[in-house]
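All values derive from a computational prediction rather than experimental measurement. Each chain gets a letter, A, B and so on, in the order its sequence line appears, and its residues count up from 1.
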Amino acid sequence: MTLTDTPGALSTEPPGAVPARGQSQRRRPGRPRGRAASILGLTPFAFYVLAFLALPTAIALTTAFFDSAGGFTLDNVATLFDPLILDTFVSSFWISALTAVIGAVVGALVCYALLGARPDGALRMMIESASSVLAQFGGVMLAFAFIATIGVQGLITVMLRSQFGLDIYADGVWLYALPGLILPYIYFQVPLMVITFMPALDGLKPQWAEANATLGGSRFTYWRRIAGPILAPAFFGSLLLLFANAFSGYATAAALISQGSQIVPLQIRSALISETVLGRSNMAGALALGMIAVMIVVMTAYSILQKRTTRWQR
Amino acid sequence: MTNPQGAAVVLTDVTKSFAGHRALDGVNLAVEPGEFIALLGPSGCGKTTALRALAGLENVDAGSIHIDGKDATDAPANKRDLGMVFQSYSLFPHMTAAENVEFGLRMRRVGAEDRRRRAAAALKMVGLDGHSDRYSHEQSGGQQQRVALARALVTEPRVLLLDEPLSALDAKVRVQLRDEIRRIQTELGITTIFVTHDQEEALAVADRVAVMRDGRIEQIGTPEELYRRPATPFVAQFVGLSNRVAGTVEGDTVLVLGQRLPLLEPSTTPDGPASVLIRPEDITLAAPDSSDAGLLRGRVLSTSFLGSLRRSQIQLADGTVLAVQHPVRDDPAPGAEVALALARVPVAVADTDTDTDTANVAVESSQS
Amino acid sequence: MSRTAPSIGAAPSRVTRGLILGIIGALFAIPIIAMIEFSLRDGLAGGYTLSHWTSLVDPASVAKYRSLTTGLGNSLLLAVVTVGIVLLLLLPTMILVQLRFPRLRRVLEFICIIPITVPAIVLVVGLAPVYRFIGSIFGSSIWTLAFAYGITVLPYAYRTLASNLGALDAITLSEAARSLGAGWPSVLWRVLLPNLRRGILAASFISVAVVLGEYTIASLLSRQNLQTAILLISKSDPYVAVIFALLSLLLVFLLLLVIGKVGTRRPGARSSKPSSKPDLTQGVAS
């Protein structure tokens, strides 16, 4: 996967939307004799997913437990707790968290600004199209854009230096190191937030605002007591998606950072590339295991949170 | 719950346009304290806009709104102290029924203890005892609207506004809740304005019905007045079912089906050919062997059983098809020859503006 | 009707909206402008030139950009095969599940969303041995990479198709067609697919967009595609690399614009095209 993820895959369904009832109870139009054929029809896709999703994932995770000679070992997994490796996990985590939070807040602000604009109007169309493009705008191209912008000879770097006497690289060039990832990551996180969070805002029913008003509530009350709580699950769902998106991102970092492996995906790169070095490919497996573990912890935390806070949702 | 004193509501020359379209074109309406008024009309007639203007959900371009004698034209919605029930989906989905009902009290800084007590009483009043912990997705449409009604009433507002609250419900629940709204309204004596496009609903519950068309009130009166003495052809067509029959206006009478009937509004009806509106209940079945010369002769096309009465489609010799309402015990078979008697009551003439191609349509439903 | 409503709603005022969108929009335009500016620079000498753009169409430089054209060609081939996987493998499965195994719908959805939690970089670790095996069967031609890409586009394609399929009452439609005498092939071909055109188109475009931007898997499995080629050429000619980045950005923008257009087309507008309507009467004939 590149740097972007599915819009609205997590709980960003419009709140209060009534699901099509009775769909699942519907009588199926099949007859028993067609059933075997139907099951057969599912096999190609099942086989495909097994071969190219389940198998690679399983391989990636199990290689962690073997040494280069094929014997079982916990050494690779133990290496995950090496302070150096732990550091990259911490770096990956905070850069993902930071850009996710900034992206979510700024993106939500854009969504708010679009509220009340006609859904089929030119403004909405333009911003939604631009957001989809920029959310897809990961990797190599994004790295170039930022090199052209804030590289040593970048447009903004040069402008700040010549016009304001400001040298953003006075303390050394940080674009090709960890801090350099922050701005590019935000650049795709904000649009991703816009496209995942906007449907939730669209789901706010005008009647809620009107009911609030006729019952004596102010606009502030509306946001605090109605829109805020209703949007919260979708907001945190999108935030999590943004986190996962940044955490698994590889291409931008790979194109920008050629020396050192400051984040986990880059560690995996160096482990894979130096495959000739004994035992390193199993190290990549251990790192992959670590990444999945972080993802699972985050997802689980989220689903627990979701269950606790949203009994009112279906 | 105490009896809130209903407030008088007066709309004077209220005008409102949306992008060039006149949604309200000088609406004048005076509602007595404690009165139940229905705003009735086809979609786009401005009835909902009038209600929303009254609630403060729309600004008006011109005219004034007085509630309880005070000018409320520019008062913000949250300061008008009105209760409103919306068409659907207006319950806050993240709150239980009780929390929804308590919301308005919370806005009025009512203490927690008091809030709980009053919310429970309001839910009990609408027949939802024991439903206080339900979220709206756990309730049926009818139950949701009951909660919405409790929520609107619990703050003891001066006026209750109902914006097609029943239109999303099943027929049976609809009638139930309609009657219940009327019962609660009578009990509380609260001034109520009810918007609907369903004439049967309006006639059934309201003290007075205001028929709206193109942003104006066409006629306001008791259900019976509207039905028996429609002031305009539009009202005559919109309220109740009518047969449309070709006839000729001469002075203050009209010649139709070989009979001369008085006109309801002779002053506004020019002489000449016209479509005459005849209520199905003003035509009765007579014995086929009757020799009365004033009777119309026809053949039964079809007949449908409507529970308390039967309605038959009868084709006359000249091809005209008439709908006739008659007691259930008369059960003419299709193809049977029957005789019809026309009641000598004043009739209205159809509006030429809204005259659609109804050449051979016997029954015009207000809903169609 | 509440567009001109007094301030009861959630919507911001005109000024607030303009301010927020203006500031954020301007900030987001900077990198794009910087890329354009960069592509016009005349080396280190300063000043501006169009020569980097014109050299693209210069026959003399064809050899110089061979790796780029190869990469572009590979990416386009991969896009086609990936769309094929989506339409021939995913779509029939989704329709089958919708019609015959409604209870499996959640399972299918779960499977299709997994690639979000399994980063491409993790997938690559396990894909390496899988591709060593594939290489022994199909050889190491580039198109086999599309199997992996099919997995990465799964969440996108699934979402787009699912929203279209969900809006359609596929069961009733197929029951109606069957009751009119249509066989299953007619149901699929004459009733369901015409109604799914929007979703199919959108899923195809989004797949193409994703494949054209893919770098991780290709680079770590040592294959050549558009992105690896751009990175490679940036070492020798950064201007051309930036120009290509701009061009592919433009291409993706156009693709997504088409999706937007297709996606917002009203049912009413759609039905004015006779071909997109399910033609039940034709179903009877077959």
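Residues of residues 38-45 of chain B lying under 4.5 angstrom from chain A, judged on non-hydrogen atoms, do not exist. Listed in order of number, the residues of residues 104-113 of chain B that approach chain A to under 4.5 Å between heavy atoms are G104(B), R106(B), M107(B), R108(B).
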Checklist entry - Passes side chain to side chain contact (heavy atoms under 4.5 Å, CB included), R225(A) versus F92(B)? Steps please. => result CA-CA 10 Å; R225(A) 295 198 179 273; F92(B) 306 132; over 6 Å; no

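The environment of CG in D74(B) is sparse: at most 12 heavy-atom neighbours from other residues, nucleotides or ligands sit within 6.0 Å. Heavy atoms of other residues, nucleotides or ligands lying less than 6.0 angstrom from CZ of F93(A) number 12 at most.
When all heavy atoms are compared, the tightest approach of A211(A) to R151(B) is CB-NH2, 3.4 Å. Nearest heavy atom pair, residue S218(A) against residue N78(B), reads CA-ND2, 3.5 Å.
Applying the side-chain contact (heavy atoms from CB on, under 4.5 Å) criterion to I102(A), with sequence neighbours excluded, gives L98(A), V106(A), I186(A). Residues meeting the ring-ring contact (aromatic ring centres under 6.0 Å, His included) test with F236(A), sequence neighbours left out: none.
Chosen from L161(B), V85(B), L91(B), the residue pairing most often with chain A at heavy-atom distances under 4.5 Å is L91(B).
Both the backbone and the side chain of T214(A) come within contact range of chain B, judged by heavy atoms closer than 4.5 Å.
Contact annotation: the side chain of L215(A) never approaches that of M84(B) to less than 4.5 Å [non-hydrogen atoms, C-beta and beyond].
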